[in-house]
Amino acid sequence: SLGLINISKNLSSLIPHTILGFANRLTLPVFSQWQDNLQRVEINYWRGVRIQLLIITPLCVIIAFASYQILGLLFGVKWIDGNMVMKIYAMQAIVWYAEGGLTSAVFNALGKPKFGTVVMILSLGLIPLCAYIGALFGITGVAVAFLCFAIIVLLVNQYILWLKFNFKISNWFLIATRQLL
């Protein structure tokens, strides 16, 4: 079971992480140059979210639809049972990489790295809880629990951006809906 979870998670996030892993390193210096212009940071944050969703969504959907074939081809028939888990983790990758380092870059560039620390502490508390609750329902339950974890972290990030920097949460939902469709 742990092998299925590990392989499914790694395969579903390998391509998104490889492509968007640079986002935080790239956006932090750019956002830092605009730290005196919050409106410009916000506009470019939304632009970054849009671009990342435009790149990530089709890749993750392809991975989800081809999970059966990917697992069978790479690992043989005994790993095909991870098919549904891989599909769920592909959806989690969309949520996780929708912001892909952009929010932490905004926090740091605007001189508020403590918000990133708050999200990290919340995450450290949620991970064992999600693992425990998900484990009650088997490996598919673990995958669903971590999809819920990614959604919670995304919503907390959006809430902090709205509360402290006046970014509109509705923009995220509009952009996400447009890009996902």
Side-chain angles (χ1 to χ4, degrees), residues 1-31 43-107 116 119-120 123 126-127 130-131 134 139-158 161 167 169-181:
S1 293
L2 290 175
L4 278 173
I5 288 172
N6 187 41
I7 285 173
S8 299
K9 171 110 176 80
N10 289 340
L11 287 175
S12 63
S13 64
L14 177 68
I15 294 173
H17 181 71
T18 302
I19 293 173
L20 294 178
F22 66 89
N24 197 10
R25 292 184 301 272
L26 179 67
T27 55
L28 178 58
V30 173
F31 287 156
I43 288 167
N44 286 289
Y45 171 79
W46 296 125
R47 184 176 292 149
V49 168
R50 188 176 303 113
I51 290 168
Q52 288 187 176
L53 279 171
L54 188 63
I55 293 169
I56 274 325
T57 303
L59 292 173
C60 289
V61 168
I62 289 168
I63 290 169
F65 280 123
S67 62
Y68 185 87
Q69 291 80 5
I70 292 170
L71 287 169
L73 182 66
L74 293 178
F75 299 102
V77 288
K78 71 178 185 174
W79 293 95
I80 290 177
D81 290 341
N83 174 31
M84 182 55 71
V85 173
M86 192 167 167
K87 288 179 190 297
I88 294 167
Y89 276 125
M91 296 306 107
Q92 183 208 16
I94 292 173
V95 174
W96 200 253
Y97 292 103
E99 294 179 309
L102 293 173
T103 304
S104 62
V106 169
F107 293 160
V119 173
M120 184 59 66
S123 297
L126 279 175
I127 288 172
C130 288
I139 61 172
T140 305
V142 171
V144 170
F146 280 101
L147 171 60
C148 292
F149 165 75
I151 292 169
I152 291 168
V153 170
L154 177 116
L155 292 174
V156 167
N157 280 335
Q158 292 306 308
L161 287 171
F167 284 29
I169 294 176
S170 60
N171 281 353
W172 193 93
F173 291 104
L174 291 172
I175 291 167
T177 303
R178 222 177 279 142
Q179 298 304 347
L180 293 174
L181 292 177

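Quick note: residue numbers are just sequence positions, from 1.
Residues V77 and I80 form a side-chain contact, since some pair of their non-hydrogen atoms from C-beta on lies under 4.5 Å apart. Proximity of I15 to I56: side-chain heavy atoms (C-beta onward) are nowhere separated by under 4.5 Å. Counting heavy atoms from C-beta outward, T103 and Y45 have side chains that approach closer than 4.5 Å. Annotation: side chain of V106 is not in contact with side chain of L102 (no heavy-atom distance under 4.5 Å). Side chains of L53 and I175 form a contact here, defined as non-hydrogen atoms less than 4.5 Å apart. Side-chain contact between F149 and W96 is present, with at least one heavy-atom pair separated by less than 4.5 Å.
To the nearest 0.5 Å, atoms CZ (F146) and CD1 (I88) are separated by 12.5 Å. I7 contributes atom CD1, which lies 9.0 Å from atom CG of L74 (distance to the nearest 0.5 angstrom). We find the CG-CD1 distance between N157 and I152 to be 12.5 Å, quoted to the nearest 0.5 Å. In this structure, CZ on R47 lies 13.5 Å from CD on Q52, to the nearest 0.5 angstrom. A distance of 10.0 Å separates CD in Q92 from SG in C60, rounded to the nearest 0.5 Å. For the atom pair R50 CZ and R178 CZ, the distance stands at 6.5 Å (nearest 0.5 Å).
S67 places a side-chain N or O within donor-acceptor distance of the main-chain N or O of A64, the cut-off being under 3.5 Å. Side chain of S12 to backbone of K9: a donor-acceptor contact under 3.5 angstrom is found. Q158 contributes no side-chain N or O that, together with a main-chain N or O of W172, makes up a donor-acceptor pair within less than 3.5 Å. Side-chain N or O atoms of S104 include none that pairs as donor or acceptor with a backbone N or O of G116 at under 3.5 Å.
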I'd like to know whether L11 forms a side-chain contact (heavy atoms from CB on, under 4.5 Å) with L71, so could you lay out the CA-CA distance, the side-chain angles of the two residues, the decisive distance to 0.1 Å, and finally the verdict.
CA-CA 9 Å; L11 287 175; L71 287 169; 3.9 Å; yes

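Each of I70, V85, N83 was compared with S8 under the side chain to side chain contact (heavy atoms under 4.5 Å, CB included) criterion, and only V85 meets it.
Taking each heavy atom of T18 and L14 in turn, the nearest pair found is OG1-O, 2.7 Å. The two residues M86 and I63 make their nearest non-hydrogen contact at CE-CG2, 3.7 Å. For the pair A131 and V142, the tightest heavy-atom approach, listed with the atom from each and the gap, is O-CG2, 4.4 Å. Listed here is the closest heavy atom pair of S123 and V153: OG-CG2, 3.6 Å.
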